[in-house]
*Asks:* 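Please find one structure pasted underneath; my questions will follow.
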Amino acid sequence: MLSTLPNTLLAIALLLIVVSAIQPLARRMMLSSTVLLAVVGVLLGGGAAFLFNTPHLAALDQAAGTLLRFPVNAEAFLYIFLPLLVFHGSLSIDVRRLARDWAPVLVMAVVAVLVTTAAIGFALQPLAGVSLTACLMLGAIVATTDPSAVVGVFREIGANSRLTRLVEGESLLNDAAAISIFTIFLGQLTGQHSLAPAEVVLSFLTSFIGGLAVGFLMARAMLFAVPLMGGNRTAEVSLTLALPYIAYIVCDHTLHFSGVVAAAAAGLTVSAVGPSTFRPRSWQFLQDIWDQLSFWASSMVFILASMLVPRLLLGMQQRDLLLIGVVIVAAMAARAAVLFGVMPLLRHAKLSQRVPIPFKVTMLWGGLRGAITLALALSVTENPLVPQRVQQFVAILATGYVLSTLLVNGTTLRFLVHALKLDRLSASDQALRNQVVAIGLGEVRDKLRRTAGELAFSAPATAHVVEMYDRRVKVETAANTFDTAIGDRDRVTLGLITFASQERSLLLEMFQEQGLSRRVMETLLWTAESMIDGARSEGRLGYIQAARRRLQPNLRFRLAQGLHRQFRIDTPLMHCMAERFEMLLLSHLVSASMTRFIRRRMEPVLGHRVTEVVGDIVGRREELLQDAMETLRLQYPGYAEALETRILRQIGLRMEAEEYATLKRESLVGEELHDELMRGLDALRAQVARPLQFNIQSGLDKRIEEFPIFAALQDALLHDLAMSVTIRFAVPGEWIFRRRQRARSVFFISRGEVLLQGDGTEFPLTHGEFFGEGELLDKRTRRRTRARATSFCHLLELDAAAFHRLLAEAPDLAGRVERVVEARRPAAVPEPPAVPGPVLGLDGLSEARLPG
């Protein structure tokens, strides 16, 4: 054992050298590095077998034996490499964009696997001489695609990003589907369990859904633990490394769910929530580490699995070539049937955007098989309960099919993508590229000329370099078709996407400083990404809808309000109010800081007219944001001031850090002094980061005294009233109550405006007024009117019992209430004003018409 461990480690080291050497070689040969790794692995495995069995080369027996008896088997592939590769694959996917293509991804990941399994199984059964179960098991083994070779080619040549996303999304989940189906058929073949068709479907769904739930919950638990690491990047990355293995093994061994799905769900959860949980530098560090781990794992998997190919092909006969051909044709036909038969149905059902035919052709040809297929085939050959005939059948056909996809499809995929022109920019993107490059080169040229003058470069040298840039600017300007290729409507959409993307970048920059709430940052980042996706898919309308959702209280806020009103539990609402305050203030700060970006960076590219429209849309959003923030600021001025003070202190600390970094870069302070200064800043950051205390009852007595209806009310009754009311926040367009709804309370408007409607009449109400009292006075149980907020509102709600008790104790107040009710009779109804639209309503923002 002591002698084999050094040999094994030496072999691994040498294989890593081979892997490193293959990367530049594959680029020079215009081949996928994965395909070249597979070829080298086959040559190594075959060469080691030849050397070991040749008596004239006995000196090399030890080296050859090390490769042949390398301590890796199917279990090692499935438990060491698979969780890591699946987790990294999901971690590197843009979850929001993947969600837009959820339907085609699920079809290719599940339906395509099922169809391929059935097609191969039934096509082989009449010819193979083994049972249908064995043929279907082989179909499941070869149904799983390997994205590494395909995505590697796509990224090298700059293929369409949506095509890459579809291929990555498919391969992310089809491993789970194929392995689940394979496990079911293997159990039936070995007699370990036998399930009816309905039980098979139920088992598959349970395994899939259970894996999703476990992976999500474990990832959320890990993300909850990240702040406890104190910003230690190595500790945080260590948590993420443990996560896929725990999820995979617990699901696979303990809960009997799909471990692959659990690892994938964990990775997707970390991908979605990670940017708002990890600090930006930690997040980048984590991604870099995982990229390296995935590169090592995928390379070693391919080369080690390929080394097993000669062993798996032992005993191959000429007849097996026919069976391999059947597998190739059946798999290709099944995949084509799903791509060209099922995919169009998704579009007709409005479940997916159109997938262009060139995409389908590329996905059809790019269905490569790789290490997972070989690992599953190897697990069959290592299972003593599987008959020898079936072992050989699975090993030869699976290995032959993998080699055919790698050596034929893999080597020609690059040329197919070129032929279908999927590696080229669209006309609008090409026009934008020319516009941006022409402007950028012009700015570089001007800066270069000024720099040459400051550094006293000779006139000939300066003129020569400046002329080079002049020529490039002329070439790009001559090729520039921006004004004709991109219309004003598309430019507005592009401007909104650019604005939201820059907003997201600024949020991440602010998150770099400690003290900002992670939950608030998560909300802001998600809404910024929603605005990007909304603008990209539906233009201005999608952007407006996403911006509307930012200002709407979320489900957690509404639940907290319910607990406050029903059970007088204030703590959840206080936390939600503090987060909403911070969210609104940060949104305002980011939006205000974007003004210079619009004028300096967007206007030269998109033009003045379009920038004016984008600025108008964003300006209207800012007005509503200011309205929402002002409503809270007026109610809780002390907390607003404390929050602004904290954020301003954080900005000051960031400026200090930048100043110290500049001093260090200019060698005005040394390393030790700089470290001492930064430790002092860290201590100050810890002080600023302490959470602020939010008191939801703050200033409530004064707010009640502002209502004219409560003038001259005794202090004792004012105190009782302050203790009885609950707080409710409403956003523009929200129904506070509707007709025939149970009448349980009366509302007092502390801030905002409400429209009361009933019996063909409308009453606009504003702060200092009240509504909802009519049904309570008439002792009716159902509302005869309805009330809708027309601005951001801060309401005080008093339940029916407390309202009647107040009127009984204050007869003068009862008289004033009666007079207000009498004044609202239909005869006294004034002409109602125009009703403002809902949050970011289309009637408001759509007034910013397109130029021209």
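Predicted, not measured: the structure shown is a model, and the values here were computed from it. Just so you know, these numbers use all the heavy atoms, side chains as well, and skip hydrogens, waters and symmetry mates. The chain is numbered in sequence order, starting from 1.
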*Asks:* Taking the side chain as every heavy atom from C-beta outward, state whether Phe278 and Leu223 have any atom pair closer than 4.5 Å.
*Replies:*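 Sidechains of Leu223 and Phe278: in contact.
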*Asks:* Pair up each side-chain donor or acceptor in residues 109-122 with any protein partner under 3.5 Å, not counting sequence neighbours, and list the distances.
*Replies:*
{"residue": "Thr116", "atom": "OG1", "partner": "Ala112", "partner atom": "O", "Å": "2.6"}
{"residue": "Thr117", "atom": "OG1", "partner": "Val113", "partner atom": "O", "Å": "2.7"}

*Asks:* Grab the two heavy atoms, one from Leu312 and one from Ala395, that are nearest each other, plus how far apart they are.
*Replies:* O-CB, 3.5 Å
*Asks:* Between CD of Glu236 and CZ of Phe285, what distance do you get to the nearest 0.5 Å?
*Replies:*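 It comes to 9.5 Å.
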*Asks:* Looking at side-chain heavy atoms only, is the closest gap between Arg369 and Thr144 below 4.5 Å?
*Replies:*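 With C-beta onward as the side chain, the pair stays apart.
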*Asks:* If you measure from the Lys or Arg side-chain nitrogens to the Asp or Glu carboxylate oxygens, is any gap between Arg335 and Glu170 under 4.0 Å?
*Replies:* yes
*Asks:* Quick check against the 3.5 Å criterion: does Thr381 have a side-chain atom that pairs as donor or acceptor with the backbone of Leu378?
*Replies:* yes
*Asks:* With side chains defined as the heavy atoms from C-beta onward, is the minimum distance between Leu241 and Leu293 less than 4.5 Å?
*Replies:*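 The answer is yes; the side chains approach within 4.5 Å.
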*Asks:* Would you please test Ile179 and Ser258 for side chain to side chain contact (heavy atoms under 4.5 Å, CB included) and show each step?
*Replies:* CA-CA 8 Å; Ile179 291 174; Ser258 172; over 6 Å; no
*Asks:* Please assess Thr373 against Tyr401 for the test side chain to side chain contact (heavy atoms under 4.5 Å, CB included), listing each intermediate value before the final yes or no.
*Replies:* CA-CA 9 Å; Thr373 299; Tyr401 182 57; 5.8 Å; no
*Asks:* Is there side-chain contact between Val86 and Pro244, with at least one heavy-atom pair below 4.5 Å?
*Replies:* no
*Asks:* Which pair of heavy atoms, one from Ala262 and one from Ala247, lies closest together, and at what distance?
*Replies:* CB-O, 3.8 Å
*Asks:* Can you check whether Met137 reaches Ile184 side chain to side chain, under 4.5 Å on heavy atoms?
*Replies:*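 They are not in contact (no side-chain heavy atoms under 4.5 Å apart), so the answer is no.
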*Asks:* Please round to the nearest 0.5 Å and tell me the distance separating atom CZ of Phe182 and atom CG of Leu138.
*Replies:* 10.5 Å
*Asks:* Taking atom CD as the centre, does Gln23 end up with more than 12 heavy-atom neighbours from other residues, nucleotides or ligands that are less than 6.0 angstrom away?
*Replies:*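 Yes, CD of Gln23 has more than 12 neighbouring heavy atoms, counting only those of other groups under 6.0 Å.
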*Asks:* What donor-acceptor contacts under 3.5 angstrom involve side-chain atoms of residues 263-274, with partners at least two apart or in another chain?
*Replies:*
{"residue": "Thr269", "atom": "OG1", "partner": "Ala265", "partner atom": "O", "Å": "2.8"}
{"residue": "Ser271", "atom": "OG", "partner": "Leu91", "partner atom": "O", "Å": "3.4"}
{"residue": "Ser271", "atom": "OG", "partner": "Ile93", "partner atom": "O", "Å": "2.7"}

*Asks:* Could you give the distance from NE2 (His88) to OG1 (Thr240), rounded to the nearest 0.5 Å?
*Replies:* 11.0 Å
*Asks:* Is it the case that Thr145 and Asn174 place a side-chain donor and acceptor less than 3.5 Å from each other?
*Replies:*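 Their side chains do contain a donor-acceptor pair, which is all the 3.5 Å distance test asks for.
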*Asks:* Kindly compute the distance separating CD1 (Ile12) from CD1 (Ile303), expressed to the nearest 0.5 Å.
*Replies:* 12.0 Å
*Asks:* With salt bridge (charged side-chain N to carboxylate O under 4.0 Å, His left out) as the rule and sequence neighbours excluded, what pairs involving residues 247-264 come up?
*Replies:*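 Residue pairs passing salt bridge (charged side-chain N to carboxylate O under 4.0 Å, His left out), neighbours aside: none found.
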*Asks:* Please assess Tyr245 against Val250 for the test side chain to side chain contact (heavy atoms under 4.5 Å, CB included), listing each intermediate value before the final yes or no.
*Replies:* CA-CA 8 Å; Tyr245 289 103; Val250 167; over 6 Å; no
*Asks:* Are the side chain of Asn409 and the backbone of Gly366 linked by a donor-acceptor contact shorter than 3.5 Å?
*Replies:*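 Not at all, since once roles are kept as given, no pair shorter than 3.5 Å links the two residues.
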*Asks:* Using 0.5 Å steps for rounding, measure from the CG atom of Leu323 to the CD1 atom of Ile396.
*Replies:* 9.5 Å
*Asks:* Going by atom types alone, do Gln284 and Asp288 pair a side-chain donor with an acceptor below 3.5 Å?
*Replies:* yes
*Asks:* Holding to side-chain hydrogen bond (donor to acceptor under 3.5 Å, both in side chains), I want the full list of residues that pass it with Ser299, two or more places apart in sequence or in another chain.
*Replies:* none
*Asks:* If I take atom OG1 from residue Thr234 and atom CG from residue Leu239, how far apart are they, to the nearest 0.5 angstrom?
*Replies:*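 Going from OG1 on Thr234 over to CG on Leu239, the span is 10.0 Å.
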*Asks:* Given side chains that start at C-beta, do those of Trp365 and Val408 come closer than 4.5 Å, heavy atoms only?
*Replies:*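 A side-chain contact under 4.5 Å exists here.
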*Asks:* Taking all non-hydrogen atoms of both residues into account, name the closest pair between Ile328 and Ser404 and its distance.
*Replies:*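 Distance-wise, the nearest heavy atoms are CD1-OG, 3.6 Å.
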*Asks:* Looking only at heavy atoms, which two atoms of Leu212 and Val261 are closest? And how far apart?
*Replies:* N-CG1, 3.4 Å
*Asks:* For Tyr248, give me all partners under ring-ring contact (aromatic ring centres under 6.0 Å, His included), at least two apart in sequence or on another chain.
*Replies:*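 ring-ring contact (aromatic ring centres under 6.0 Å, His included) list for Tyr248, sorted by chain: Tyr79.
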*Asks:* Closest approach of Ser306 and Pro310, non-hydrogen atoms and distance?
*Replies:*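 Minimum heavy-atom contact is O-CD, 3.8 Å.
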*Asks:* Determine yes or no for a side-chain-to-main-chain donor-acceptor pair under 3.5 angstrom, with Gln188 supplying the side chain and Thr133 the backbone.
*Replies:*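 No, Gln188 side chain to Thr133 backbone: no donor-acceptor pair under 3.5 Å.
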*Asks:* Got more than 12 heavy atoms from elsewhere within 6.0 Å of CD1, Ile357?
*Replies:*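 Counting other residues, nucleotides and ligands, CD1 of Ile357 stays at 12 neighbours or fewer.
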*Asks:* Backbone N or O of Leu407 within a donor-acceptor pair of the Thr411 side chain at under 3.5 Å?
*Replies:*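 Side chain of Thr411 to backbone of Leu407, a donor-acceptor pair under 3.5 Å: yes, one is there.
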*Asks:* For Gly211 and Phe257, work out which heavy atoms get closest and say how close.
*Replies:*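 Shortest heavy-atom contact: N-CB, 3.7 Å.
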*Asks:* What pairs with Phe208 under ring-ring contact (aromatic ring centres under 6.0 Å, His included), at least two apart in sequence or on another chain?
*Replies:* Phe204
*Asks:* Considering only heavy atoms from C-beta outward, does the side chain of Leu186 approach that of Val386 to under 4.5 Å?
*Replies:*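 Yes, their side chains come closer than 4.5 Å.
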*Asks:* Which residue is it: Leu376, Val130, Ile141? I am looking for the one with a side-chain contact (heavy atoms from CB on, under 4.5 Å) to Val394.
*Replies:*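 Among Leu376, Val130, Ile141, the one that satisfies the side-chain contact (heavy atoms from CB on, under 4.5 Å) with Val394 is Ile141.
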*Asks:* Set out, in order, the CA-CA distance, both residues' side-chain angles and the distance that settles side chain to side chain contact (heavy atoms under 4.5 Å, CB included) for Phe393 and Cys135, then state yes or no.
*Replies:* CA-CA 9 Å; Phe393 164 77; Cys135 295; 4.2 Å; yes
*Asks:* Under a 3.5 Å cutoff, is there a donor and acceptor pairing between the side chains of Ser92 and Trp290?
*Replies:* no
*Asks:* Contact between Leu339 and Met108 at the side-chain level, heavy atoms closer than 4.5 Å - yes or no?
*Replies:* yes
